[in-house]
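Take a look at the structure below.
For clarity, every value in this text was computed on a predicted model and none was experimentally measured.
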Amino acid sequence: MLKVLTVCGNGLGSSFACQMAVEGVLKKLGVECKLDHDSVSSAAGVARNYDMIVAAENFQKQIDNFNTGKPCVYLHRLVDKKEIEEKLTPVLKEMGLI
């Protein structure tokens, strides 16, 4: 089961909306998953518990500094399912999940 963390500034609204959109795309692709959401400041401490991080592009520098070694997907529009699918698909293929 793929464990995904969606991240935003405060870990409330936009990360939760992103979580729901990502979950919909993963189910469409047939990937069994568990998702959570959190703030970018808390993500550094919990990122190791997840297989992938999904966040807005503006948090890329901060998240890359976590050095998790986990795949990170950065989105321009957090709830755009087309963008989510386009960016997740190659990562999921590389992970051998699709």
Residue from Val46, Val22, Thr68 passing side chain to side chain contact (heavy atoms under 4.5 Å, CB included) with Leu5: Val46
Tell me if a side-chain donor or acceptor on Asp51 pairs with a main-chain N or O of Lys3 at a distance below 3.5 Å. yes
Do you know which two heavy atoms are closest between His37 and Leu12, and how far apart they sit? CD2-O, 3.9 Å
Met52 with Leu75, same ILVMFWY side-chain cluster at under 4.5 Å: yes
If you round to the nearest 0.5 Å, how far is CG of Asp80 from NZ of Lys87? 9.5 Å
Working to the nearest 0.5 Å, report the span between NZ of Lys93 and CG of Leu29. 9.5 Å
Side chains of Lys82 and Arg77: does their closest heavy-atom pair fall under 4.5 Å? no
Where do Cys33 and Glu23 come nearest, in terms of heavy atoms and distance? SG-CG, 4.4 Å
Would you indicate whether the side-chain heavy atoms of Ile84 and Val79 approach each other to under 4.5 Å? no
Tell me whether Ile53 shares a hydrophobic cluster with Met95, the cluster being built from Ile, Leu, Val, Met, Phe, Trp, Tyr side chains joined at under 4.5 Å. no
If you round to the nearest 0.5 Å, how far is CG of Leu78 from OG of Ser15? 8.5 Å
What about Val73 and Leu2, same hydrophobic cluster or not, with Ile/Leu/Val/Met/Phe/Trp/Tyr joined at side-chain heavy-atom distances under 4.5 Å? yes
Regarding Tyr74 and Asp64, is there a side-chain donor-to-acceptor distance under 3.5 Å anywhere? yes
So, for Ser39 and Val7, which heavy atoms are closest and what is the spacing to 0.1 Å? C-CG1, 3.9 Å
Count I, L, V, M, F, W, Y as connected when their side-chain heavy atoms are under 4.5 Å apart, and connections chain through other members. Are Val4 and Ile63 then in the same cluster? no
How many angstroms lie between OG1 in Thr6 and CE in Met20, if you round to the nearest 0.5 Å? 9.5 Å
Do Leu97 and Leu35 sit in the same hydrophobic cluster, where Ile, Leu, Val, Met, Phe, Trp and Tyr count as joined when their side-chain heavy atoms come under 4.5 Å apart? yes
Can you name the closest pair of heavy atoms from Asn49 and Lys70 and give their distance? N-NZ, 4.5 Å
Distance (rounded to the nearest 0.5 Å) between Phe59 CZ and Asn65 CG: 13.5 Å
Mind checking the NZ-OH spacing from Lys34 to Tyr50? Nearest 0.5 Å is all I need. 5.5 Å
Can a donor-acceptor pair be found, under 3.5 Å and without considering hydrogens, that links the side chain of Thr89 to the backbone of Glu85? yes
